[in-house]
Amino acid sequence: MKLQYKIILTAVLATLILSACSTKKDAFLNRNWHAMNTKFNTLYNGDIAFEQGREELNSSYQDDYWEVLPIERLEVTENIKLDSEDNNPNFIIAEEKATKAIQKHSMDINEEERNPMTDEAFLLLGKARYFDQRYMPALEAFNYILKKYYESDKLNEANIWREKVNIRLENEELAIKNLKRLMKFENLKDQEYADARAMMAQAYINLNVPDTAIQHLKVASYYTKKNPEKGRYYYIIGQLYNQLQHKDSASYAFDRVIELNRKSPRVYMINAHLQKIKNTELTDENSLELFEYLTELEENRENRPFLDKIYRQLAEYHLESNSDSLALVYFNKSLRATQNEPKLNALNYENLAVYNFDLNEYKAAGSYYDSVLTNLPENTKKYRSIKKKLDNLEDVIKYEDIVHYTDSVITLFDLPKDKQIAYFEAHIEALKKAKEEAEKKEVERITEGFAAFTESKGGKENKGKFYFYNITSLGYGKNDFTNKWGKRTLEDDWRWSNKNTIAISDENGESIVDANDQELEPSEDEKFSLDFYMDKIPNDVAIIDSLKTERNFANYQLGLIYKEKFKENLLATGKLEDVLASKPEERLILPSKYNLYKIYEEEGSPLAANMKENIIQNHSDSRYAEILLNPAAVLEGNSDSPDAQYVKLYKLFQGQEFLKVITATEESINKYTGDPIVPKFEMLKANAIGRLQGFEDFKEALNYVALTYPNNPEGKKAEQMVAEQLPKLEPKEFSPEVGSSGAGNWKVVFPFKRHNNEEALKLKELLEKSIVDLKYRNIVSKDIYNLEDQFVVVHGFKSKEFALGYAELLKINRDYKVSKENFVILSSNYKIIQIHKNLLDYKNIVLTPKP
């Protein structure tokens, strides 16, 4: 009997369960069955995945405390996502669970949702999409809740989330309008009201209305029950007050952050301390108090993760207190303590660069500016500004190195031989002494290490053991290797830290050294050899004269850079006066005098009048004298100005007067030395050389421009052409023309000597007439080949037969009777003979091929 009851009961329960699974029946059992499964199965797992995703975002997200913090901790990319590629797997799981809950448990009966948990599934779906930055699909989910579930208790939350999406989509005005309506007509819980106010604040921050944003954040910080949110809101309020230059109000907001102490993340509190210090003007009265304040922050063990920012603030304190050496120490300590903070690194490096720049230590400043760039995003105003400074410094470093090197060599050359020997003997003695001291210190270090370890427990336990089992010996070996080689990976050629520097050997094992490699460091024996140093001193007067010329040009360039780019008139004066005192080339004398005159005039020096008189008397026919005598006429427009001259030469270039361009640009380069237009003349000259003299000379001229003016637009363009265009122009191999008479681009070429120009022009005119008469679409040109030869060319024949037929027609047609020698050539081959000036090779290889 009992068994019968059990069977009946089981059957009834199974029937009830099966009937409850239906989503089409609006019954108490069905509604609660699906609600329970939605809440405790799919949504439960979805919520867990969602929270894990948010925790990962919070742990990986880094706030930028140098800018106003966003209300919400969410790293946003510039691209708006529409699909789920490359997304956080936890949010994908949350979305899948929400979708499953909707698909399996939604009870849409008579256009009314009967499962009370479906709205939460849609809310989870929208949140997961929002944090994956798929804002349009998220907006769709929130709008569906607002449209379909008008009696849901999640409507207010869905409203707020929808406006979050609108703010992300830069629809701030719409978000403000909807949030105002929500707060006016709906009864919000405290936390919902705080969230709504916070989102209003974010919208106003985006619209650059900080004062209104502050008011909304104050309300949000009052109503929120979450202390981390309070700390963040108070900190943002302080930042916004700083934007408005209300330092006292900002400091009060930062005090509210500090009062929360451990109730909110410590990072807010530390940054609030530092912001308060920044807002406090340093005076004699509060100097000690501020130092103690900062020292206390530094020494607090709990603040170790934030030492990078604390050290920077200490550096700024010492810098403002005129304790430069301590400031440098703390800037460097901040750099060593920085953990993935590019902006902080950039600020520290910039401080160090500015400090060295002010001391005229331009090489060190350039290194620091280079480090600033590596920590800044490209295509930003700050990046471009620093890049411009670095480009200027690179010129200074380059020319200062030239001056230093040439001065050293010339000074040594001018010394009597006995003083040269004495100088190098003193140098060698200093090297030996330094080496002995280093070896002594190393022995002492090793001895102390052995002694300390021998007395330790480990040392006593390992006495007398084989090397690799003896901790003392093994530890020494490891330390010695690390000190000598640093950290190395176990691999082939482990001794090379830079694999690009590995020497390559030929079949016989001989080392192949690249000609471009820099001179190797001297060996140990060479370092202590007097003959090694004496042999390095040049003994040819011509070499010394060349070094003097190079030094004078470098000093002149430095004078211009210090004057024009850095406004360092004192340094510029020294360099330009050095040029005039060193018997420079004629081309440097006049521009040096003129630039000195301009500096003296700007500084109000009585030397200005003397320099002006010197230029007018000694260089009366120069452009500079004309400027000094009649500046108004020059300003009105002088046909002899550099710009006007360049325009004239460029027109000559377009007219293929390449020889005139080359000679005239050389004159202009000498005449306008020091003028910013000189690199343009050099580039024009290089192009003219290429058109007249061919590839090799063009390559040499371009390299000269690239190396001489590396930081000018023309120098950079030349460098780009050398790297990208010259390799494409270098091939000399002709395309075969025998058997390729079909479709292509062919030309008929009539060679002329340059002195037969009139005859060439007459033929060109006749050919143009024939093209019109025969209704062809070809083009006729007169092309310069080299100093002696030129071509009249008919371009644009579709086949070789067509070109040969045209040439034959010119011979036999009584209207033309052109018997002048000519040849038909493939367009690609014509390009090669113009680039490489190898017409004879073409005739030998292509026109008369060997059997």
Less than 4.5 Å apart, side chain to side chain, heavy atoms only: is that true for His619 and Lys593?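 Yes, their side chains come closer than 4.5 Å.
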Under a plain distance cut-off of 3.5 Å, with no hydrogens placed, do Gln834 and Tyr830 share a side-chain donor-acceptor pair?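 Result is yes, a qualifying pair exists.
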message: Would you say Glu737 and Tyr842 are linked by a side-chain donor-acceptor pair, where the criterion is simply a distance under 3.5 Å?
response: yes
Less than 4.0 Å between a side-chain N and a carboxylate O, is that true for [Y] and [X]?
X	Y	answer
Lys728	Glu724	no
Asp391	Lys716	yes
Glu400	Lys575	yes
Lys769	Asp815	no

Q. CD of Gln693: more than 12 outside heavy atoms within 6.0 angstrom?
A.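 Check passes, neighbour count above 12.
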* **Over 12 foreign heavy atoms within 6.0 Å of CD, Glu700** => no
Determine yes or no for a side-chain-to-main-chain donor-acceptor pair under 3.5 angstrom, with [X] supplying the side chain and [Y] the backbone.
X	Y	answer
Gln656	Lys782	yes
His836	Leu729	yes
Ser668	Thr665	no
Lys648	Asp643	no

Query raised in the report: Do the ring planes of Tyr594 and Tyr597 sit parallel (below 30°), tilted (30 to 60°) or perpendicular (above 60°)?
Result: tilted
Below 30° counts as parallel, above 60° as perpendicular, anything between as tilted: where do the rings of Phe797 and Phe802 land? perpendicular
### Query
Out of curiosity, Asn778 CG to Lys798 NZ, how far, rounded to the nearest 0.5 Å?
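That separation rounds to 10.0 Å.
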Closest heavy-atom pair, Glu733 versus Ile832, reported as atoms and distance to 0.1 Å, is O-CD1, 3.1 Å
With Leu810 as partner, the option from Val818, Asn822, Val794 fulfilling side chain to side chain contact (heavy atoms under 4.5 Å, CB included) is Val818
Does the side-chain contact (heavy atoms from CB on, under 4.5 Å) test come out yes or no for Leu560 and Tyr399, once each step is laid out? CA-CA 11 Å; Leu560 293 186; Tyr399 291 121; over 6 Å; no
Inset, instruction - Go through the steps to decide whether Asp789 and Lys753 satisfy the test salt bridge (charged side-chain N to carboxylate O under 4.0 Å, His left out), and finish with yes or no. - result: CA-CA 4 Å; Asp789 300 301; Lys753 291 296 180 181; 3.0 Å; yes
(message) The test is ring pair (Phe, Tyr, Trp, His ring centres under 6.0 Å); show your working for Phe658 and Phe653 and say whether it passes.
(response) CA-CA 6 Å; Phe658 302 126; Phe653 178 83; 5.5 Å; yes
| request: Quick one: do Glu585 and Asn552 satisfy side-chain contact (heavy atoms from CB on, under 4.5 Å)? Show the steps, please. | output: CA-CA 8 Å; Glu585 297 173 85; Asn552 289 337; over 6 Å; no
- Query: Is the ring centre of Tyr362 less than 6.0 Å from the ring centre of Phe566?
  - Reply: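 Yes, the ring of Tyr362 comes within the 6.0 Å limit of the ring of Phe566, centre to centre.
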Quiz item: Can you check whether Tyr806 and Tyr816 have ring centres sitting under 6.0 Å from each other?
Solution: no
Does the side-chain contact (heavy atoms from CB on, under 4.5 Å) test come out yes or no for Glu759 and Phe750, once each step is laid out? CA-CA 11 Å; Glu759 186 181 345; Phe750 298 86; over 6 Å; no
Practice item. Please assess Ile599 against Leu576 for the test side-chain contact (heavy atoms from CB on, under 4.5 Å), listing each intermediate value before the final yes or no. Key: CA-CA 10 Å; Ile599 294 172; Leu576 293 172; 4.0 Å; yes
